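Below you'll find the structure, written out as C-alpha cells, and then a few comments.
Letters go in sequence order (proteins before strands), and every chain restarts at 1. All heavy atoms count here, side chains included; hydrogens, waters and symmetry mates do not. Bear in mind that the values here come from a model prediction, so they are computed numbers and not experimental data.
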Protein chains: 2
Amino acid sequence: MSWRKEQRRAERGYHHGNLKEALLQAALGLIAEKGAAGFTFADAARMAGVSAAAPYRHFRDRDELLSSIAQRGFEQFEARLSAAWDDGRPDTVTAFERVGKAYLAFAREEPAFYNAMFESGLPVDANPALMAAGERAFGVIRAAAERLAALTPPGIPRPPAMMMALHIWSMSHGIASLFSRGDAARRKLPMSPDELLEAEVLIYLRGLGFPIDRRPAGKRAEPPPVPPEAASGSGVPPGGPWGKPK
Amino acid sequence: MSWRKEQRRAERGYHHGNLKEALLQAALGLIAEKGAAGFTFADAARMAGVSAAAPYRHFRDRDELLSSIAQRGFEQFEARLSAAWDDGRPDTVTAFERVGKAYLAFAREEPAFYNAMFESGLPVDANPALMAAGERAFGVIRAAAERLAALTPPGIPRPPAMMMALHIWSMSHGIASLFSRGDAARRKLPMSPDELLEAEVLIYLRGLGFPIDRRPAGKRAEPPPVPPEAASGSGVPPGGPWGKPK
DNA sequence: GGCTCATGTAAAGGTCGTTCACATGAGCTG
DNA sequence: CAGCTCATGTGAACGACCTTTACATGAGCC
C-alpha cells in the first residue's frame, strides 16, 4: 500500500498536476457504481492516489464536488438535447420525439450525471450557476415546445408552450426515474421505456390536436405556423384542458 | 444532557416500552426535515432517548428501518389512492382525476414517506414485502386505468390499460418529484403542480379519444363499457400511438 | 539561487454505523 | 415470593468518513 503510493508519487511527483479533473472523473465512476449517496470524498481521493485532505484544495467540501458534477451534467445534457432537437429538422414532430429519446438515452447512458443532477438531493436553488445550467437545459425543451405550439392546427386553441414543455419534461423525468434506471429498470414492463415515452408523447400531442400518425418520419406534412390570432374561434369549444388564459 | 436522559429513564424505566414505534416516528420526522440521505440512525436513537446501540434490537441495520418506513408509506399511499378512486364514483373520469390529485397530495403532505419510497435509493427489488406493497399501490392506478380503458368511445382502438396506468404513474411521479417537493417546488411555474397534472392528464385522455370537457364534474355522460371486440374496426386507422398488439 | 504560493501530507477531532460483552428487569415457574 | 430466562437496553470499542490545522514540498518567477 505504501510502496504503491511511493511508486505513483515517483511517476507524477509530489504534485498531482491535474487533481481537480482526476477527482471529478473518479467521482463520476463512483457515483455510477454506488449512487450519489454512496459516493465518498475519501474514496475519490484514494482513487486519485492522494491523501484524504488533498481534495479540499480544489473543492470547499463534498457537496461542491457533487455540484460541479451536476453542473457538467446539465451542460452535457443541454448539448445532447440540442443535438437531438437539431433545430426542428427534418420536421418538428420528428425532432420533438428525438428529444424525448435523447432524454432517456442520457439518463441511461450517464447515470452518474443524471443521479447528481436529479437524485442527489442537492439544494439546487442555493447554487445560482447550477440553477442557470439547469434552466439552459430546460430551455431546449422549451424552445422545442414553442415551435410545436406554433404548429397547432387551425381551429384548435393553441396551448401555452411553457405548459407543454413542463409536461414533456415531467413525462420524461417520470419514466426515466421510475423505469429507466437502476433497480427500477428491472420491473417487468409491457414495453421498453423508450416505447413507453414515445407512446405517451404521441398520445399527448394528439390530445392537443396534432394530427399524429405513425407513418415513417420524413413524409409528414408540416403546415406553416399559424399566427396566434387565428388559433381561437371558429365554433370550437373555447379553452383547452389548461383553462382560458387569465 | 445526562440529567435529561436520567429523567427520561426515571419516567419510563430502563426499558423504553415502545422503542420500535418511537424510532419509526423519529425517523419520519428526521427524513421530512433532512431527507433520507441526511437521516441518521444515531439521531433517531437520541430522539427516542436511548443509546446508539438500542435500535439494533429492533432493526437489523439502518436500511431496514428505512425499508419499514417505505413499506408503511406504500400502505398509506395505497389507502389514499383507493379512497380517492372510490371505485370510480361518481364517474370514471372524475374519480380518475381525483386519484391524480391524491398522488400529488400524498407527495406534498407526506414528504418523508414519499422520500423513503421513491428517492432513498433503497434496493426495492431486494425486499419482496416492499415490492409487493409497491405493487399493491400501483394496482389502484392500474385498476382505475382498466375501468377507464373500458370506456373508450366506440370506433376508437382501445389502449392497453397497463400502458395507461404506467403513463399516468410517470406523469404523476414526474410532476411530484420535479415541481411538488422540496426546493424544486420553489421554481416559478405558470400554474400549480395540481393544475399542471390535471391539464396533462386531460390532454392525455383526450389524445386517447375520450371526449373530455371541462364541465363541472357530476354532469358528465358515462356511456356503458364497450366490449373489446367492438373497439377496433369501423374505418378508423388501426393501432394507436402504442402500436398494434403483437 | 532564493522567494513565494499553490498544492500536497499527516495528525487530530467529531460523527456515524455496527458489534460485542455485559446489565437490567418483566414475566413466567414453582 | 424466590429464582430463572430472555428480550431489551448500555457502554465501550472499531473502522470509515468529513473536515480542519499545522507543516512540507516544489514549480514558477525574480
Without decimals, in angstroms, what is the distance between [X] [atom1] and [N] [atom2]?
X     : N      : atom1 : atom2 : answer
B/Y56 : C/dT19 : OH    : P     : 7 Å
A/L65 : D/dT19 : CG    : C1'   : 15 Å
A/L19 : D/dG26 : CG    : C1'   : 16 Å
B/F59 : D/dT8  : CZ    : P     : 12 Å
B/K20 : D/dG9  : NZ    : P     : 12 Å
B/L66 : C/dG17 : CG    : C1'   : 14 Å
B/H16 : C/dA26 : NE2   : C1'   : 16 Å
B/K34 : C/dT15 : NZ    : C1'   : 11 Å

Quick check on DNA chain D: between B/N18 and A/R60, whose nearest nucleotide comes earlier from the 5' end?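 The residue whose closest nucleotide sits nearer the 5' end is B/N18.
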Would you tabulate the nitrogen or oxygen pairs shorter than 3.5 Å linking the protein to nucleotides 14-17 of chain D?
residue: D/dC17; atom: OP1; partner: A/R46; partner atom: NH2; Å: 3.4
residue: D/dC17; atom: OP2; partner: A/R46; partner atom: NH2; Å: 2.9

Look at the rings of A/H173 and B/H173 and say which category their plane angle falls in: under 30° parallel, 30 to 60° tilted, over 60° perpendicular.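 The rings of A/H173 and B/H173 lie parallel, inter-plane angle below 30°.
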Fit a plane to each ring of A/F106 and A/F113, take the angle between them on a 0 to 90° scale, and name the class: parallel (under 30°), tilted (30 to 60°) or perpendicular (over 60°).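 Correct class here is parallel.
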Between CD1 of A/I203 and OH of B/Y204, what distance do you get to the nearest 0.5 Å?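 Interatomic distance, A/I203 CD1 to B/Y204 OH, rounded to 0.5 Å: 4.0 Å.
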N-O pairing of B/R72 and B/E21 below 4.0 Å: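 Salt bridge present between B/R72 and B/E21.
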Salt bridge or not between A/E64 and A/K20? Use side-chain N to carboxylate O under 4.0 Å.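 Looking at A/E64 and A/K20, the cut-off is not met.
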Using rotation axes that map the C1' atoms of four end pairs onto the next four (five pairs an end), what angle separates the end axes of the helix from C/dG1-D/dC30 to C/dG30-D/dC1, to 10°?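 Answer for the end axes of this duplex: 10°.
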Counting heavy atoms from C-beta on, name the nucleotide in C/dT9, C/dG8, D/dT10 closest to the side chain of A/A53.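 Among C/dT9, C/dG8, D/dT10, the one nearest the side chain of A/A53 is C/dT9.
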Please list all pairs meeting salt bridge (Lys or Arg N to Asp or Glu O under 4.0 Å) that have one or both residues in residues 107-123 of chain A, counting only residues at least two apart or in different chains.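 Of all non-adjacent pairs touching residues 107-123 of chain A, those that pass salt bridge (Lys or Arg N to Asp or Glu O under 4.0 Å) are A/R80-A/E109, A/R108-A/D194, A/E119-A/R181.
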Do B/F74 and B/F118 have their ring centres less than 6.0 Å from each other?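 Between B/F74 and B/F118, the centre distance is under 6.0 Å.
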